[in-house]
Structures are given as C-alpha cells and as structure tokens.
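Everything below concerns the one structure shown next.
Computed from a prediction, not measured in an experiment: that's the story for all the values here. These numbers come from the heavy atoms of this one structure, side chains and all, not from hydrogens, waters or symmetry mates. When a residue number appears, it is its place in the shown sequence, counting from 1.
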Amino acid sequence: MPATLIRGASVVVTMDDTRRELSGADILIRDGAIEAVGHGLSVPPPVEIFEATGCVVTPGLVNTHHHLYQTLTRAVPGGQDALLFGWLKTLYPIWAQMGPEEMRVSALVGLAELALSGCTTSSDHLYLYPNGARLDDTIAAAAEIGLRFHPTRGAMSIGESAGGLPPDSLVEAEDAILSDCIRVIDRFHDPKPGAMVRVGVAPCSPFSVSRGLMRDAALLARDKGVMLHTHLAENDEDVAYSLAQFGCRPGQYAEDLGWTGADVWHAHCVKLDSAEIALFARTGTGVAHCPCSNCRLGSGIAPVRTMRDAGVKVALGVDGSASNDAGHLIGEARQAMLLQRVQNGADAMSAREALEIATRGGAEVLGRPDCGTIAPGKRADLAIWDMRGIEAAGAWDPVAALVLCGPRQVRHLFVEGRQVVRDGHLTSIDLPRVIEAQNRLARALAG
C-alpha cells in the first residue's frame with residue numbers, strides 16, 4: 001500500500017496526552033499506522049496526497065454500544081412511546097422473525113451510517129440468534145464495510161416462563177451459549193495491536209439471564225482474555241427489578257458476580273448512585289453512555305459529569321436503532337454535551353470534552369491504547385471534516401463547531417490507513433443497493 005499524506009489541515013485535533021491542536025499540520029500514514037504528525041511533511045512516491053485545507057482532522061470516533069440488527073425496526077408503531085420494558089415486549093416478537101440475511105444487511109446499514117458520521121471503530125451487542133443467525137453474520141458485514149469491529153456474543157437465557165422478560169422462543173440454553181462464546185472467540189478474536197476484530201462476551205441484562213450465566217461468562221472471558229459487556233442500571237424499572245429479584249442494587253449485583261474491572265464496560269448506567277460510581281472509578285470499569293436512546297425511552301440523564309469527575313471511564317454509544325432511532329455518532333456527542341448542560345449548567349461540559357469522550361474515551365473503554373489519538377505509532381483511524389459547508393459557515397472555532405453545529409458527515413474516513421469514505425461516499429459497498437435490500441426486509445417483517 002502506498003503512503004498517504006494528509007496535508008495542510010486547518011486543525012489536527014490530536015487528543016494526545018496534552019490535547020494538542022495543530023494548525024496547518026500534516027499527517028503521514030504508512031502500513032496502517034500514523035508515521036508522523038507535523039508541518040511540511042514530505043515523502044517520495046508512491047504517495048497519495050489529500051489536501052485538507054479548510055478541514056478539521058480528528059481521531060476516528062468510537063462507538064461502544066450498538067444493536068445493529070435493530071436498524072430493521074426503526075420507528076415501529078407500538079414501541080414509539082413506550083418505556084424500556086414495554087418497548088422490548090413490543091419488539092421481541094418482530095426480532096424473532098429475523099435470520100442470517102436480516103442480521104447481515106442490518107449490520108451493513110448500521111455500520112455504513114456510523115462510518116458516514118465519522119466512526120472508525122464500533123462495538124455491537126448481539127444477544128438474540130433466531131432462525132440460524134450467528135455472530136458471524138455481523139462480523140462479515142463489518143469486514144465488508146471496513147470498520148474496526150468489537151462484536152460481543154450476547155445471550156438471553158431466562159424467558160417469560162421462568163420470570164424473565166423475553167419470550168421463551170428467543171432464549172438459549174446456557175451450555176450452548178458458553179460453547180458458542182468459545183467458538184467465536186477462537187475463530188475471530190485478535191488480541192494483537194491493530195486488530196480489526198476483537199470479540200467480547202455479553203449476556204444481555206440482569207432481567208434476561210441467570211446469575212449463574214453472568215458468573216460463568218465472566219470466568220470464561222477472563223480465561224480467554226477478552227472483555228465483558230452488558231446493560232446495567234438503565235432506568236428505574238431496571239433498578240427495581242434488581243432490588244426485587246436479587247436484593248441489591250445493580251452495582252452490587254455486578255461486583256458480586258465479577259462484573260467490575262478494566263476489562264468490563266456497562267451500557268447506560270443512567271441510575272448509578274454515588275457508591276456505584278465510586279466502585280466503577282476504583283475498579284476501572286467503563287461506561288457506554290447512550291444519550292439519544294436514554295432520551296427516546298425516557299430513561300433519564302446519566303450522571304456523566306459526576307462519573308467523569310470521579311475518574312470513571314466514559315465513552316459513547318448510539319445504542320440500537322429501534323431506540324435511537326439513528327446511528328449518528330457525532331450527533332451523539334452533541335447530545336451528551338447538551339444533556340449535561342441541562343442537568344448541571346451551561347459550563348458542565350464543553351464541546352471539546354464531548355469530542356474527547358467520542359474518540360479517546362471510546363478507545364480507552366474498549367481497551368484500545370493503539371487507537372483514539374493522532375500520534376506516531378497509533379493506528380491510522382482518522383476522520384476528515386470539511387468545515388467549509390453551510391453547517392459551519394460563520395463559525396469562529398472550528399473544533400467546537402464540529403460538535404456545536406456540524407458538519408454532520410465526514411468528507412474522508414480512514415480505518416487502518418484504508419479509505420472507507422471518500423468525498424462523502426462509502427468506497428466499499430453499493431449503498432443504494434444495500435438500502436433497497438434493507439427496506440425489502442423491513443417490509444417483510446412488517447407483514
């Protein structure tokens with residue numbers, strides 16, 4: 001692969017340890033990594049040069065919580081105005097009709113949407129496997145798009161007949177769940193720096209799996225050296241369930257079962273109390289903050305300011321497109337900033353802090369020190385934002401403008417030094433054809 005030189009960016013937002021912002025700077029990429037950052041860089045041919053005048057360059061955004069299959073069930077009647085548990089009960093029967101093709105196509109659409117919004121790395125929490133669907137389906141889609149991917153092998157094992165929330169048709173036997181976790185880890189997980197696929201273990205939630213499965217999943221993940229992920233303390237219903245069923249709050253439940261530590265990140269955490277926040281800070285446990293989904297489901301405002309001040313690692317997640325209903329990561333950063341200001345005042349979170357959470361913060365939560373910053377030796381995951389369009393017209397501070405007003409779509413996107421978006425268009429797939437397939441599958445699900 002020839003070298004790539006990004007030349008003359010108006011601002012390079014490095015997100016390095018000193019949070020440098022470099023005006024008129026260049027970035028040299030070679031063999032999937034950043035070789036140099038500075039001014040007046042040059043390299044002999046072969047080299048591809050991208051002029052970045054008028055552009056802000058950031059590390060690629062990192063999405064730490066998604067349910068990609070849900071892009072097939074946006075704006076579903078009956079679930080549009082429901083709280084979490086009612087929303088799930090509306091959608092479970094629809095999701096039960098899906099299969100491998102639905103999983104693959106919905107993942108293509110969801111990952112394409114993320115890429116266009118500046119995302120280079122995404123997690124996915126797939127916790128249901130109807131009609132022969134497998135985690136392999138979404139991993140294949142991520143490879144086709146070209147994004148760095150952290151799929152998690154989710155699961156549900158406690159159905160309605162046993163006191164759980166999901167229908168019995170969507171739960172699996174716990175031995176089969178653990179066996180398939182081993183299979184996908186052994187087949188796909190890559191622990192090396194620069195890895196394009198890292199697999200995690202992710203029982204769905206305290207209200208859909210047993211305590212035994214949670215404990216066994218943690219033991220398996222640590223034996224295999226992979227990360228752990230689940231939903232936790234998402235809303236008042238979630239906390240009430242934990243108190244009624246387990247006699248403790250969600251944080252205590254997580255700690256008792258081995259679900260705290262630097263190799264764990266929890267989605268939502270809207271209702272963590274001060275003791276739970278201190279626990280997460282002390283143990284290095286990460287949080288995937290999903291502000292748009294939390295608003296859509298009326299779950300509340302997560303205490304992100306308090307968590308960050310306490311030293312908790314916080315990242316962003318778009319969550320599933322049935323509860324967002326978008327997968328737009330730069331928009332998620334803006335929403336995170338606005339909610340903290342609503343709750344805590346106009347100085348509670350700056351645009352730059354929101355951008356840091358969306359980039360470096362996500363890499364830290366996913367255990368990726370090789371990503372999330374623009375510095376020599378880091379992986380070449382870069383988003384180039386053209387600030388010369390209408391969204392940022394008149395903006396005095398282009399870095400803050402990226403979060404405050406836009407643009408909402410990248411001009412160019414590089415992942416591992418390979419161009420995934422060029423001039424606002426995906427390079428790897430025929431997006432109109434994929435959208436057509438997506439809408440055909442959605443119509444079939446709707447009956």
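Ion pair D190/R198 not flagged as a salt bridge, since none of the NZ, NE, NH1 or NH2 atoms sits closer than 4.0 Å to an Asp/Glu carboxylate oxygen. Between R183 and D180 there is a salt bridge, since at least one side-chain N of the basic residue sits less than 4.0 Å from a carboxylate O of the acidic one. Taking a cutoff of 4.0 Å between a charged side-chain nitrogen and a carboxylate oxygen, R187 and D136 qualify as a salt bridge. Between D238 and K271 there is no salt bridge, since no side-chain nitrogen of the basic residue lies less than 4.0 Å from a carboxylate oxygen of the acidic one. A salt bridge is defined here as a Lys NZ or Arg NE, NH1 or NH2 lying under 4.0 Å from an Asp or Glu carboxylate O, and R308 with E356 meets this definition. Of the charged side-chain nitrogens involved, none lies within less than 4.0 Å of a carboxylate oxygen, so that R360 and D16 do not count as a salt-bridged pair. One finds a salt bridge joining R305 and E353 here, because a Lys/Arg side-chain nitrogen approaches an Asp/Glu carboxylate oxygen to under 4.0 Å.
The side-chain heavy atoms of L272 and M307, taken from C-beta on, include a pair separated by under 4.5 Å. Annotation: side chain of L170 is in contact with side chain of Y92 (closest heavy-atom distance under 4.5 Å). A 4.5 Å side-chain heavy-atom check between T120 and R148 finds every atom pair outside the cut-off. At least one side-chain heavy atom of K224 sits under 4.5 Å from a side-chain heavy atom of I182. Here the side chains of R379 and E416 are in contact, with some heavy-atom distance below 4.5 Å. Counting only heavy atoms from C-beta outward, the side chains of M98 and T73 approach each other to under 4.5 Å. Between F280 and I277 there is no side-chain heavy-atom pair separated by less than 4.5 Å. Between S123 and W265 there is a side-chain heavy-atom pair separated by less than 4.5 Å.
Side chain to side chain, S323 and D319 meet the donor-acceptor criterion of an N or O pair below 3.5 Å. At a cut-off of 3.5 Å, with distance as the only test, a side-chain donor of Q419 or H412 sits close to an acceptor on the other residue. Between the side chains of N235 and S299, no donor N or O sits under 3.5 Å from an acceptor N or O. Side chains of Q409 and S117: a donor-acceptor N/O pair is absent below 3.5 angstrom, by distance only. For the residue pair T260 and E255, no side-chain donor N or O sits within less than 3.5 Å of a side-chain acceptor on the partner. For the residue pair N324 / E332, a side-chain donor-acceptor distance below 3.5 Å is found, with atom types taken as modelled.
Of all the heavy atoms in P166 and V171, the pair that sits closest is CG-CG1, 3.9 Å. Of all the heavy atoms in L116 and G424, the pair that sits closest is CD2-O, 3.5 Å. The heavy-atom pair separating C405 from A392 by the smallest distance is SG-CA, 4.1 Å. Here the shortest heavy-atom pairing between G146 and V420 reads O-CG2, 3.8 Å. Here the shortest heavy-atom pairing between P203 and M214 reads CB-SD, 3.6 Å. The minimum heavy-atom distance between C371 and D381, with the atom names listed, is SG-OD2, 3.9 Å.
No donor-acceptor pair under 3.5 Å is formed between the side chain of R368 and the backbone N or O of G362. Side-chain atoms of D386 do not come within 3.5 Å of backbone N or O of C55 as any donor-acceptor pair. T64 contributes a side-chain N or O that, together with a main-chain N or O of L316, makes up a donor-acceptor pair within less than 3.5 Å. R418 contributes no side-chain N or O that, together with a main-chain N or O of G32, makes up a donor-acceptor pair within less than 3.5 Å. Judged by distance alone, with hydrogens and angles left aside, the side-chain atoms of Q340 form no donor-acceptor pair with the main-chain N or O of A348 at under 3.5 Å. Side-chain atoms of S106 come within 3.5 Å of backbone N or O of M103 as a donor-acceptor pair. Side chain of R334 to backbone of L404: a donor-acceptor contact under 3.5 angstrom is found. Under a 3.5 Å cut-off, the side chain of E276 and the backbone N or O of D273 do form a donor-acceptor pair. The closest donor-acceptor contact from the side chain of T14 to the backbone of R20 lies under 3.5 Å. Between the side chain of H266 and the main chain of A233, no donor-acceptor pair closer than 3.5 Å is present.
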Quick one: do I34 and I374 satisfy side chain to side chain contact (heavy atoms under 4.5 Å, CB included)? Show the steps, please. CA-CA 7 Å; I34 297 169; I374 299 176; 4.0 Å; yes
Full working for side-chain hydrogen bond (donor to acceptor under 3.5 Å, both in side chains) between W259 and T230: CA-CA 9 Å; W259 277 76; T230 193; over 6 Å; no
Go through L128 and M156 one step at a time and tell me if the side chain to side chain contact (heavy atoms under 4.5 Å, CB included) criterion holds. CA-CA 7 Å; L128 47 82; M156 298 191 293; 4.2 Å; yes
Show the numbers, then the answer: is there a ring-ring contact (aromatic ring centres under 6.0 Å, His included) between H150 and H229? CA-CA 11 Å; H150 281 235; H229 183 53; over 10 Å; no
Check step by step if side chain to side chain contact (heavy atoms under 4.5 Å, CB included) holds for Q70 and W95. CA-CA 8 Å; Q70 291 182 13; W95 296 336; 3.5 Å; yes
Derivation of the salt bridge (Lys or Arg N to Asp or Glu O under 4.0 Å) call for R74 and E113: CA-CA 14 Å; R74 304 188 208 243; E113 185 178 17; 3.2 Å; yes
Show the numbers, then the answer: is there a side chain to side chain contact (heavy atoms under 4.5 Å, CB included) between L91 and V76? CA-CA 8 Å; L91 288 160; V76 171; 3.9 Å; yes
I would like to know whether D216 and R211 meet salt bridge (Lys or Arg N to Asp or Glu O under 4.0 Å); could you show each step before the answer? CA-CA 9 Å; D216 289 345; R211 290 171 66 93; over 6 Å; no
Pairs under 3.5 angstrom only: tabulate donor-acceptor contacts from the side chains of residues 435-447 to other protein residues two or more places apart or in another chain.
{"residue": "Q438", "atom": "NE2", "partner": "T71", "partner atom": "O", "Å": "3.0"}
{"residue": "Q438", "atom": "NE2", "partner": "T71", "partner atom": "OG1", "Å": "3.0"}
{"residue": "N439", "atom": "ND2", "partner": "I435", "partner atom": "O", "Å": "3.4"}

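Of the inter-residue distances, the one linking F414 atom CZ with L382 atom CG reads 7.5 Å to the nearest 0.5 angstrom. Taking OG from S321 and CZ from R296, the interatomic distance works out to 10.5 Å, rounded to the nearest 0.5 Å. With rounding to the nearest 0.5 angstrom, the CG atom of D236 is 9.0 Å from the CG atom of L83. The distance from atom NE2 of H67 to atom OH of Y127, rounded to the nearest 0.5 Å, is 5.0 Å. Within the model, atoms CG of N344 and CE of M349 stand 9.0 Å from one another, a figure rounded to the nearest 0.5 Å. A distance of 13.0 Å separates OH of Y253 from CG of L243, quoted to the nearest 0.5 Å.
Screening residues 157-172 for salt bridge (Lys or Arg N to Asp or Glu O under 4.0 Å) gives R153-E172 as the qualifying pairs, with residues at least two apart or on separate chains.
Here the two rings, on H268 and H65, have centers that are under 6.0 Å apart.
By the 6.0 Å contact criterion, CG on D175 is open, its count of non-hydrogen atoms from other residues, nucleotides or ligands being 12 or less.
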